[in-house]
Amino acid sequence: MATIAQPLPGTRIEQPKPGLQIGKYFRWSVDHKIIGVQYLALAFTFFIVGGTLAMGIRWELLTPATDLMASGTAYNQLFTMHGTIMIFLWIIPALAGFGNYLVPLMLGAKDMAFPWLNALAFWMIPPAGILLILGYFAGQAEAGWTAYPPLSILYSPGNGQTMWAVAIHLLGLSSILGGINFIVTIRNMRPEGMGWFDMPLFVWAVLATSIIIVLATPFLAGALTLLILDRVAGTSFFNPANGGSVLLWQNVFWFYSHPAVYIMVVPAFGMLSEMLSIHSRKPIFGYRAIALSSLAIALLGFLVWAHHMFTSLTPALRVPFMITSMIIAVPTGIKIFSWIATTWGGRIRLNSAMLFSLGFLSMFVIGGISGVMVAAIPFDIHVHDTYFVVSHFHFVLYGGTVLAIYGGIYHWFPKITGYMLNERLGKWHFWLTWVPFFFTFFPMHMAGMLGMPRRVAVYAPEFQALNQVISISAFVLGLSTFILIYNIVWSLWKRKVVAGPNPWRALTLEWNTSSPPPAFNFYGDPVPFRDPYGYGTKEAWDYLKEQAQELGPSYPANQPPEKAHPVALAPAAGD
Amino acid sequence: MSEARLDMPVADSHAADHGHGSHSHAENLKFGMWLFLGSEVIIFTVLIAAYLVFAVAHRDLVKEIHEQVGILLVSGNTFILITSSWTMVMGLRELQRGNIRGLRRWISATALLGMLFFAIQMVEYRQLAAIGVTLTSEFGAHFYAPTMLHGAHVIAGVIWALFVVRQAGRNRYSATKTIGVEVFGLYWHFVDVIWIFIFTCIYLL
């Protein structure tokens, strides 16, 4: 029978809480909660920068000729920075932010295994980001985020390309240190009584991701070292004229970057497992299948890299890589069906977090299907380097990961700040993201199949109508982001609806403390509930009732009667 | 270097030791070090593999350079590095017996042998440069990348060894508090093992 640890005398949370203390987020701190917020805030800032660059790309592509950009080179720099910033400075750090904030809390731990190393890993990111952007003044990197030689060696004269490589090197090191920290934390810091298969699925996802990071990122480090040597010391690892090999880069780069695709999406899978189960008020379907399929994806992810090189690969190797690439769809499919089964018959709360989770399901499936399509060699050779590929990975990374991050913001914002976000604005944000997202990226499939190449500023006039649809949708999509920013600012400084410890009536341990949690996370040692997803049982109902008695009421029960909507918000027995 | 920083929480173990779960902070540090070394193995694998791909394609060139330089110097150097692993083990043994002076002597010897290894490597690089194997030559790039990275690891290890000697002088270690030395030991043995792979793949094959 689950019980809640007694709070220490005199430590009961007081409401209302003290101010937000913004200053501590700009200082060195070894508190994983502060570091988590630092990651999230910095990543979101870079998201705005990368998004602005994306708006530039779409503005340029409104017409077939160059207009916004002075030259093709300027356009190359534009999309290179867009891709690099979005991948290395938005998605990866944002997911690391959720991991930092949530993993120790979900494990009932007081902090990560190595708090000092955690802070170090975070503080490597701002200098790397600044270095990347300062490259603009030295001739910005222009070889795409993949930096294929000889383009990145012989045809990128600006020092920005070298600065790009150094910055990515730094971000990779930061990532490795973070990954080591997560693995040690998850293996060694679980509380008494929480076995591997009692962990929340988000923790499983972070574990799988960290294994990929530790095993794959050194390949990137090795490749970048050689690239920097080629550019600075005059070696010729990748210069065929002097005995080097361009395919060496492609192999090593994709041996990192394909697993990195899973670094960018597996934590989002974990967030989705949490949100879908909590907001469907049902146990997760296939806990072990979801947990182990994360590991399966992590391992299989190392066996598929050459599907990025179908057009440059020895033909005999094409079919083996096609097969391994298609096999990856199996563990991913297991997850998708488990999530659908989780929502099936649940008492679904259609709040913003749930809407974004369902949005993830719908859009990620499209990205997954187009992924199987490009894994098929004959089709891939037709759409290689076209907008079909651009569409595919935006469906996976934006329609998948970014929607999950949005959902995660709505879901965990009450825990992180102690205040609720406004639901009405949240729903506006969802619909103005989901619909324009579809109309931005779906027509790219068509443009790609009709033959429009990616990475060009000038295109054939017959693609103009499609591109105008895409660009206008993209502008709406870009603007919709500001609804979220407004919602955050308003909720923190003006609206101030106190969330209380557990507004979603969740069973995982991060909700078993005040919002925001105190410096050492818990009052006493928390005792995890028997099953992190045991929703809809009498036992869970009693556990939550006891928790509310210990920690105080949560939203909406803590609201004055005139503001509460009893019919819509009051939990039912078994909820 | 990051590896020195992994050692840092030992110095202020109050801040880092949360005493949570069934594992001690020492176990966390050791496991973290193993993971870090795992990622290091991969960086070296990339560079050694790049060399091997080159060597297979240019057998004659590699053979010619091997014949010109000979293997005597580098064999002696390998012996020096293996000896330094032995002194490392002896140092830890003295610490476990509670002999701090013995610890400082053996770890100082480890640092000295590491410096000697690096100095001889520099002599070897000069010999190679004299016969035209520079960083910009075809063979040179593939040869220098892994061996220089290893040399950098030796230098980092020497600095870390000197740090351990200093910490020992400040009574930061005892027979029951050996983790700071153990983690350094893991690193130093790793540097040794990687060299044995480099020696086999680059000098012998």
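In the text below, chain A, chain B and the rest are named by the order of the sequence lines, each starting its count at 1.
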Colleague: Under 4.5 Å from any heavy atom of chain B, what part of A/Val252 do you find: side chain, backbone, both or neither?
Modeller: side chain
Colleague: Sort out for me which of A/Asp230, A/Leu226, A/Val184 touches chain B most, counting heavy-atom pairs under 4.5 Å.
Modeller: A/Val184
Colleague: Mind ranking B/Thr45, B/Val46, B/Val53, B/Val41 by heavy-atom pairs under 4.5 Å with chain A and telling me who comes out on top?
Modeller: B/Val46
Colleague: Within this structure, what is the CZ-CZ distance for the pair B/Phe44 and B/Phe190, rounded to the nearest 0.5 Å?
Modeller: 5.5 Å
Colleague: I want to know whether B/Phe139 and B/His58 have ring centres closer than 6.0 Å.
Modeller: no
Colleague: Looking at A/Trp196, does the NZ or CZ of A/Arg187 lie under 6.0 angstrom from its six-membered ring centre and within 45 degrees of the ring axis?
Modeller: no
Colleague: Could you tell me which portion of A/Ala221 (side chain, backbone, both or neither) has an atom closer than 4.5 angstrom to a non-hydrogen atom of chain B?
Modeller: side chain
Colleague: Using non-hydrogen atoms and a 4.5 Å limit, figure out which bit of A/Leu220 sits close to chain B: side chain, backbone, both or neither.
Modeller: neither
Colleague: So what's closer than 4.5 Å to chain B heavy atoms on A/Leu248: side chain, backbone, both or neither?
Modeller: side chain
Colleague: Non-hydrogen atoms of chain B under 4.5 Å away: do they reach the side chain of A/Ile183, the backbone, both or neither?
Modeller: both
Colleague: Compute the ring centroids of B/Tyr125 and B/Tyr144, then answer whether they are less than 6.0 Å apart.
Modeller: yes
Colleague: Once the angle between the rings of B/Trp160 and B/Tyr187 is folded into 0 to 90°, is it parallel (under 30°), tilted (30 to 60°) or perpendicular (over 60°)?
Modeller: tilted
Colleague: At a 4.5 Å cut-off on heavy atoms, which part of B/Ile43 comes close to chain A: side chain, backbone, both, or neither?
Modeller: both
Colleague: Under a 4.5 Å cutoff for heavy-atom pairs, which residue among A/Asn251, A/Thr185, A/Thr235 has the most contacts with chain B?
Modeller: A/Thr235
Colleague: Other residues, nucleotides and ligands only: do more than 12 of their heavy atoms fall within 6.0 Å of CG on B/Leu204?
Modeller: yes
Colleague: What about the rings of B/Tyr51 and B/His142, do their centers lie closer together than 6.0 Å?
Modeller: no
